[in-house]
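When a ligand or atom number is given, it counts from 1 through the structure's own listing order. Please read all numbers here as calculations on a predicted model, not as lab measurements.
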Amino acid sequence: MNKKGRVLVTGAAGYIGSHTMVELINAGYSVVGVDNFSNSSPQMIKGVEEITSTKVPFIEADCSSKEDFARIFEAYPDIEAAIHFAAFKAVGESVLQPIRYFENNIRSLLYLTELMTSKGKRANIVFSSSCTVYGEPDPENLPISEEAPVKPATSPYGRTKQMCEEILRDCVRAYPELKVTALRYFNPIGAHPSALIGEMPNGVPQNLVPFITQTAAGIRSELKIFGNDYDTPDGTCIRDYIYVCDLAKAHVSAVDRMLYCEECPKYDIFNLGTGRGLSVLELVNTFMEATGVDLPFSYAPRREGDIVKVWAKPDKANSILKWSADTPVDQVLKYAWNWEKRIREIE
Ligand code: NAD
Ligand code: WQD
């Protein structure tokens with residue numbers, strides 16, 4: 001018998017959503033997942049069921065359609081909190097298809113907020129935001145804290161994250177029953193230790209780690225490292241790579257706090273990162289050392305729009321959420337490789 005309340009997870013079949021479903025169930029929460037599989041497959045929900053040995057309540061629905069989304073609240077009137085992952089997330093695609101991005105990402109958030117606050121009960125929302133809201137940080141702001149300025153977005157995707165944060169800020173002012181926690185993720189990587197769930201990008205991966213694992217699997221001929229003439233120790237860009245299971249656990253801490261802390265702020269923001277910056281080259285070398293795979297790579301011109309260096313100051317999440325991202329990156333890269341090998345049926 002579950003002791004904790006029900007948490008709605010939108011985008012539950014996605015990369016971060018599926019890992020968070022596992023952690024919520026392990027922490028004793030009842031859940032209900034929703035996804036329209038626009039960027040995922042039902043296989044991920046099966047993976048969550050296998051890992052947790054439970055039947056996972058799940059409804060296939062489109063969060064950007066109010067009628068469709070409302071079905072979940074009719075079926076599960078006991079929802080106490082929602083974690084909102086459902087969104088489109090490809091930066092380049094958003095530049096080409098801004099309306100599609102605004103429609104999906106903004107509508108989904110508006111309907112979620114409306115449906116949550118129309119229940120006449122307390123409403124708690126955790127929102128998936130991104131370090132992209134900081135843009136290129138000024139060097140004196142590194143590591144970057146939640147107080148650092150939000151810079152004008154460089155893509156419609158980034159703009160949806162900024163807009164959603166602002167919409168939620170206005171809504172907590174207007175609706176006394178609403179509490180919001182915005183979580184700004186740095187670079188999530190890796191897969192569940194079971195290799196039953198992980199990242200599954202469509203087409204050619206844009207993100208570094210899936211490109212590395214697909215190259216190691218022989219699907220791509222070589223990794224191109226975008227730029228080795230940046231103002232960094234080895235000339236390649238620096239990021240804060242955070243293990244997806246550590247990230248998932250932060251969502252449980254955020255939900256715990258919203259449900260059980262009466263005096264905590266109605267709107268709060270947390271950076272979720274390790275606090276350590278790693279260069280692209282360091283990550284590639286760590287992958288080779290950790291897995292024993294000799295990864296073919298070469299240097300290519302800089303990728304337009306790339307930030308040079310950014311890493312988190314996660315102190316606020318460490319102290320208030322009592323959470324930290326501690327899994328060593330070599331272990332995380334092994335998990336990413338195990339996942340790739342399993343889905344490609346490599347021994
Ligand atoms: P993902 O694409 O794997 O997961 C998103 C899920 O939402 C997918 O399963 C997709 O099918 C679903 N979805 C999209 N629109 C929907 C809709 N209208 N109705 C129902 N389901 C819908 O992405 P992810 O990496 O798991 O990201 C989750 C969230 O975290 C997103 O909001 C993303 O912007 C944010 N985020 C991701 C990263 C990252 O690098 N992965 C970094 C910062 C923030
Ligand atoms: C990391 C580093 C690349 C691929 C993106 C989004 C951001 C956020 C996280 C959602 C960079 C280099 C990459 C390759 C490479 N998502 N690289 N060769 O750009 O930090 O952030 O995902 O909110 O909004 O922009 O992540 O994994 O694409 O790149 O050299 O084939 O790897 O240049 O330095 P990024 P990434």
- Task: Decide side-chain contact (heavy atoms from CB on, under 4.5 Å) for W339 and T213; before the verdict, give the C-alpha distance in whole Å, the side-chain angles of both, and the deciding distance to 0.1 Å.
- Result: CA-CA 9 Å; W339 161 249; T213 54; over 6 Å; no
- Could you check K46 against E49 for salt bridge (Lys or Arg N to Asp or Glu O under 4.0 Å), going step by step and ending with a plain yes or no? CA-CA 5 Å; K46 292 222 173 64; E49 292 187 328; over 6 Å; no
- Item | Trace of the side-chain contact (heavy atoms from CB on, under 4.5 Å) decision for L112 with F69 | CA-CA 8 Å; L112 174 71; F69 204 174; 3.7 Å; yes
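Salt bridge annotation for E93-R100: present, with a cationic side-chain nitrogen under 4.0 angstrom from a carboxylate oxygen. Of the charged side-chain nitrogens involved, none lies within less than 4.0 Å of a carboxylate oxygen, so that D326 and K249 do not count as a salt-bridged pair.
Of all protein heavy atoms, the one lying nearest to atom 12 (C) of ligand 2 is V280 CG2, 3.9 Å. Considering only non-hydrogen protein atoms, atom 25 (O) of ligand 1 sits nearest to K89 NZ, 2.8 Å. For atom 4 (C) of ligand 2, the nearest protein heavy atom (residue, atom name, distance) is Q206 O, 3.5 Å. When hydrogens are left out, the protein atom nearest atom 2 (C) of ligand 2 is Y241 OH, 3.6 Å; that is the closest non-hydrogen contact. At the shortest separation from atom 30 (O) of ligand 1 among protein heavy atoms lies Y185 CE1, 3.3 Å. Protein heavy atom at the shortest distance from atom 27 (O) of ligand 1 is I16 CD1, 3.8 Å. Atom 34 (O) of ligand 2 has its closest protein heavy atom at C237 CB, 3.1 Å. When hydrogens are left out, the protein atom nearest atom 6 (C) of ligand 2 is V91 CG2, 3.8 Å; that is the closest non-hydrogen contact. Protein heavy atom in closest approach to atom 27 (O) of ligand 2: L208 N, 2.8 Å. Among protein heavy atoms, atom 28 (C) of ligand 1 sits closest to F85 O, 3.7 Å. The single protein non-hydrogen atom nearest to atom 16 (C) of ligand 1 is N36 OD1, 3.5 Å, given as residue, atom name and distance. The nearest protein atom to atom 33 (O) of ligand 2, hydrogens excluded, is given as D306 OD2, 2.5 Å; this is a heavy-atom distance. Atom 19 (O) of ligand 2 has R303 NH2, 2.9 Å as its closest protein atom, hydrogens excluded (heavy atom only). In this structure, the protein non-hydrogen atom closest to atom 40 (O) of ligand 1 is P188 CD, 3.3 Å.
Taking every heavy atom of S38 and a limit of under 4.0 angstrom, the matching atoms of ligand 1 come to 10 (C), 11 (O), 13 (N), 14 (C), 15 (N). Under a 4.0 Å criterion applied to the non-hydrogen atoms of N207, ligand 2 contributes the atoms 5 (C), 22 (O), 26 (O), 27 (O), 28 (O), 36 (P). Taking a cut-off of under 4.0 Å to the non-hydrogen atoms of A13, the atoms of ligand 1 that pass are 9 (O). Atoms of ligand 2 found under 4.0 Å from any heavy atom of T132 (numbered from 1 in listed order, with element): 24 (O). Atom numbering of ligand 2 starts at 1 in the shown order; those under 4.0 Å from a heavy atom of I225 are 30 (O). Of all atoms in ligand 1, numbered sequentially from 1 with element shown, those under 4.0 Å from a heavy atom of S128 are 29 (C), 30 (O), 32 (O), 35 (C). Taking a cut-off of under 4.0 Å to the non-hydrogen atoms of N187, the atoms of ligand 2 that pass are 20 (O), 21 (O), 26 (O), 35 (P). Under a 4.0 Å criterion applied to the non-hydrogen atoms of S129, ligand 1 contributes the atoms 43 (C), 44 (C). Those atoms of ligand 1 with a heavy atom of Y157 less than 4.0 angstrom away are 33 (C), 34 (O), 35 (C), 36 (N), 44 (C). Proximity to F37 (heavy-atom distance under 4.0 Å) selects the following atoms of ligand 1: 11 (O). Distances below 4.0 Å separate heavy atoms of C63 from the following atoms of ligand 1: 17 (C), 18 (N), 19 (N), 20 (C). Within the listing of ligand 2, atoms 10 (C), 23 (O), 24 (O) sit less than 4.0 angstrom from a heavy atom of S130. Atom numbering of ligand 1 starts at 1 in the shown order; those under 4.0 Å from a heavy atom of A61 are 19 (N), 20 (C).
The environment of CG in D294 is sparse: at most 12 heavy-atom neighbours from other residues, nucleotides or ligands sit within 6.0 Å.
Judged by distance alone, the side chains of N207 and Y15 never bring a donor and an acceptor atom under 3.5 Å apart. In this model, a donor atom of one side chain and an acceptor atom of the other lie less than 3.5 Å apart for D256 and Y29. Side-chain contact of D330 with T286: a donor-acceptor pair under 3.5 Å is absent, judged by distance alone.
Between the K66 side chain and the E114 main chain, no donor and acceptor come within less than 3.5 Å of each other. A donor-acceptor contact shorter than 3.5 Å links the side chain of T10 to the backbone of F85.
Residue nearest to atom 20 (O) of ligand 2, selected from K224, R239, K89, Q214: R239 (by heavy-atom distance). Considering T132, V133, N104, V209 only, the shortest heavy-atom separation from atom 18 (N) of ligand 1 involves N104. Considering each of T160, D35, T10, the one bringing a non-hydrogen atom nearest atom 10 (C) of ligand 1 is D35.
Inclusion of F226 in the set of residues having an N or O under 3.5 Å from an N or O of ligand 2 is warranted. At a 3.5 angstrom cut-off on N or O pairs, F186 does not count as close to ligand 1. Geometrically, ligand 2 and Y157 share a nitrogen or oxygen pair separated by less than 3.5 Å. Residue V34 has no nitrogen or oxygen atom sitting less than 3.5 Å from a nitrogen or oxygen atom of ligand 1, judged on distance alone.
Each of L168, I106, L109 was compared with M163 under the side chain to side chain contact (heavy atoms under 4.5 Å, CB included) criterion, and only I106 meets it.
Proximity of M200 to ligand 1, defined as any heavy-atom pair under 4.0 Å, is not found for any part of the residue. The residue I307 has no part lying near ligand 2, judged by heavy-atom distances below 4.0 Å.
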Output side-chain donor-acceptor pairs under 3.5 Å for residues 309-316, partner residues at least two apart or in another chain, one line each.
| residue | atom | partner | partner atom | Å |
| --- | --- | --- | --- | --- |
| K309 | NZ | D231 | O | 3.4 |
| K316 | NZ | D268 | OD1 | 2.6 |
| K316 | NZ | I269 | O | 2.7 |

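Within the structure, ring pair (Phe, Tyr, Trp, His ring centres under 6.0 Å) pairs that include any residue of residues 154-210 comprise Y185-H251 (at least two apart or interchain).
Taking CG from L24 and OG from S30, the interatomic distance works out to 10.0 Å, rounded to the nearest 0.5 Å.
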